[in-house]
Trainee: 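Mind looking over this structure? Questions follow.
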Amino acid sequence: MQDFKSEDQHPLQLVEADDLEDEDVSFESIDKLIAQGINAGDVKKLQDAGIYTCNGLMMHTKKSLTSIKGLSEAKVDKICEAAEKLVNCGYYTGSEVLLKRKAVVRITTGSQALDELLGGGIETLSITEAFGEFRSGKTQLAHTLCVSTQLPTTMHGGNGKVAYIDTEGTFRPDRIVPIAERFGMDPNAVLDNIIYARAYTYEHQYNLLLGLAAKMAEEPFRLLIVDSVIALFRVDFTGRGELAERQQKLAQMLSRLIIFRNQQKLAQMLSRLIKIAEEFNVAVYMTNQVIADPGGGVFISDPKKPAGGHVLAHAATIRLMFRKGKGEQRVCKVFDAPNLPEAEAVFQITPGGIADAKD
């Protein structure tokens with residue numbers, strides 16, 4: 001097992017927000033609009049609507065902004081004009097984009113082999129989706145990331161807090177304790193740096209995401225976990241016979257991301273996840289289930305595919321396919337990624353979390 005403990009063996013502590021002055025802040029607070037001549041009351045209306053940064057503001061259409069009570073078209077035009085002075089939403093040169101990419105933080109998975117597969121670990125500014133059958137290691141990786149995210153960046157961590165949205169009741173705080181001890185961290189401090197919410201409906205799940213903006217604007221978060229992303233959206237569409245109807249429904253939701261209707265919550269939620277990742281420079285790790293593929297045919301050895309169809313496929317930056325190996329060994333395959341080759345890595349589930357597989 002890879003040793004992550006510090007040389008002096010003292011419990012590692014998370015750097016607080018007040019101590020992050022030397023680090024680049026990835027967003028401009030919405031409060032800065034006041035200095036640009038925007039009324040404080042209108043800024044408060046934006047915050048009440050879940051908009052806490054100028055970056056996040058520019059990710060909304062003017063139509064959605066004018067739907068906020070008390071904001072007229074004239075006010076919205078003035079607000080957007082002020083925000084554009086603080087945030088560049090236009091073109092960048094390739095060199096500037098490369099420089100911005102240096103802000104990406106890669107968080108260790110606990111396994112060197114898995115980190116190498118991922119180009120260094122789970123990366124911020126992106127959505128990483130892990131799909132596979134039950135007990136394939138998806139939630140175990142989530143628990144390990146809850147701890148490794150709090151490691152200093154010099155130890156391949158994210159030096160930030162973790163938000164965990166649980167849709168299936170799989171989070172176990174007692175699981176965090178041995179993982180924290182493996183990494184040489186104080187388990188109580190680690191647990192205090194994880195905020196947890198249990199979602200019971202897809203409306204609740206989406207509202208929890210809206211409420212995260214306020215917390216992430218004030219505290220140094222580096223990871224958001226959604227385990228699992230699709231569970232609450234599959235309740236109303238179960239069974240192979242309704243597969244086509246479900247996929248048609250999800251595709252419809254993708255094409256109308258901004259309209260606030262119940263049947264379009266999945267697309268809204270995925271859109272929100274993308275914004276959170278880019279607005280606050282956090283890594284989004286979401287688990288997904290697999291479904292039987294009736295069209296897979298007898299010539300395909302494992303005719304299963306991730307749930308959610310093209311909706312999730314387009315939203316996720318990196319898609320990982322997990323499967324069981326021998327004993328506690330698991331196999332992770334890069335299913336789709338813009339910058340990673342299609343390859344596999346073998347890892348192991350241990351009492352201390354995800355680790356390299358033993359020969």
Side-chain angles (χ1 to χ4, degrees), residues 26 97-98 100-133 136-146 148-149 153 156-158 160 162-165 209 221-231 250 254 266-267 269-291 302 304-323 330-347 353-354 356:
S26 60
V97 175
L98 180 61
K100 287 172 66 69
R101 287 289 297 173
K102 291 184 178 180
V104 172
V105 177
R106 289 177 173 82
I107 303 167
T108 180
T109 62
S111 163
Q112 185 175 349
L114 191 51
D115 286 349
E116 290 176 356
L117 177 74
L118 300 175
I122 303 295
E123 66 177 40
T124 60
L125 291 175
S126 301
I127 294 179
T128 300
E129 173 200 357
F131 66 88
E133 294 183 283
S136 59
K138 307 183 300 294
T139 298
Q140 293 297 322
L141 178 55
H143 282 73
T144 304
L145 290 171
C146 281
S148 64
T149 297
T153 53
H156 308 291
V162 178
Y164 198 119
I165 296 178
L209 290 177
F221 281 83
R222 197 59 77 205
L223 175 70
L224 166 60
I225 295 171
V226 183
D227 184 20
S228 77
V229 68
I230 200 69
L250 297 179
L254 177 63
L266 176 58
M269 186 195 65
L270 294 171
S271 175
R272 185 64 190 159
L273 287 173
I274 293 170
K275 291 174 182 177
I276 287 174
E278 297 185 3
E279 183 178 354
F280 297 106
N281 190 21
V282 302
V284 175
Y285 173 77
M286 61 184 188
T287 68
N288 191 13
Q289 303 164 351
V290 291
I291 56 176
D302 189 16
K304 298 181 182 68
K305 61 182 182 180
H310 295 297
V311 178
L312 283 176
H314 290 303
T317 313
I318 300 168
R319 310 191 82 190
L320 306 176
M321 181 171 65
F322 282 32
R323 69 176 189 270
R330 302 292 184 267
V331 180
C332 174
K333 178 181 180 180
V334 175
F335 189 78
D336 184 29
N339 60 334
L340 300 174
E342 186 175 306
E344 294 184 350
V346 180
F347 62 94
I354 299 298
D356 285 324

Trainee: Please confirm whether the backbone N or O of V105 pairs with a side-chain atom of T124, one donor and one acceptor, at under 3.5 Å?
Mentor: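 Indeed, once roles are kept as given, a pair shorter than 3.5 Å links the two residues.
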
Trainee: Other residues, nucleotides and ligands only: do more than 12 of their heavy atoms fall within 6.0 Å of CZ on F335?
Mentor: no

Trainee: Quick check: does any side chain N or O of T287 sit under 3.5 Å from a backbone N or O of A130, one acting as donor and the other as acceptor?
Mentor: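 Answer holds: no.
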
Trainee: For the CG atom of L270 and the CD1 atom of I127, what is their distance to the nearest 0.5 Å?
Mentor: 6.5 Å

Trainee: Might you point out which heavy atoms bring F280 and R222 nearest each other, and give the distance in Å?
Mentor: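 It is O-NH1, 3.8 Å.
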
Trainee: Looking at I230, is its backbone amide N or carbonyl O close enough to the side chain of N288 to form a donor-acceptor pair, meaning the two atoms are under 3.5 Å apart?
Mentor: no

Trainee: Run the numbers on R323 and E344 for side chain to side chain contact (heavy atoms under 4.5 Å, CB included), then give the verdict.
Mentor: CA-CA 11 Å; R323 69 176 189 270; E344 294 184 350; 3.1 Å; yes

Trainee: Which value, rounded to the nearest 0.5 Å, describes the distance between I318 atom CD1 and E123 atom CD?
Mentor: 4.0 Å

Trainee: Mind checking the CZ-CD spacing from F131 to Q289? Nearest 0.5 Å is all I need.
Mentor: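 Between atom CZ of F131 and atom CD of Q289 there are 13.0 Å.
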
Trainee: For E133, is there any backbone N or O sitting under 3.5 Å from a side-chain donor or acceptor partner on K138?
Mentor: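 The answer is yes, because a donor-acceptor pair under 3.5 Å joins these two groups.
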
Trainee: Just by modelled atom types, is the A113 backbone N or O under 3.5 Å from a matching donor or acceptor in the D356 side chain?
Mentor: yes

Trainee: Please examine the side chains of L145 and I107, heavy atoms only from C-beta on, and report whether any two atoms are closer than 4.5 Å.
Mentor: yes

Trainee: Measure the spacing between OG1 of T149 and OH of Y285 and express it to the nearest 0.5 Å.
Mentor: 11.5 Å

Trainee: Indicate yes or no: at least one non-hydrogen side-chain atom of L320 is less than 4.5 angstrom from one of V334.
Mentor: yes

Trainee: Kindly compute the distance separating CD1 (I165) from CG (L209), expressed to the nearest 0.5 Å.
Mentor: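 It comes to 4.0 Å.
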
Trainee: Is the shortest distance from a Lys or Arg side-chain nitrogen in K333 or E342 to a carboxylate oxygen in the other one below 4.0 Å?
Mentor: yes

Trainee: Where the side chain of D227 meets the backbone of A142, is there a donor-acceptor pair that is under 3.5 Å apart?
Mentor: no

Trainee: Which heavy-atom pair separates R319 from P306 by the least distance, and what is that distance?
Mentor: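 Between these two residues, the closest heavy atoms are NH2-CG, 3.4 Å.
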
Trainee: Looking at every non-hydrogen atom in both residues, tell me the closest pair between C146 and V162 and how far apart they are.
Mentor: O-CG2, 3.6 Å

Trainee: Between the main-chain N or O of F322 and the side-chain N or O of R330, is there a donor-acceptor pair closer than 3.5 Å?
Mentor: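 Side chain of R330 to backbone of F322: no pair is present.
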
Trainee: Could you measure the distance from the SG atom of C332 to the CG atom of L118? Nearest 0.5 Å is fine.
Mentor: 6.0 Å

Trainee: Given D115 and T109, is the side-chain hydrogen bond (donor to acceptor under 3.5 Å, both in side chains) satisfied, shown in steps?
Mentor: CA-CA 6 Å; D115 286 349; T109 62; 2.8 Å; yes

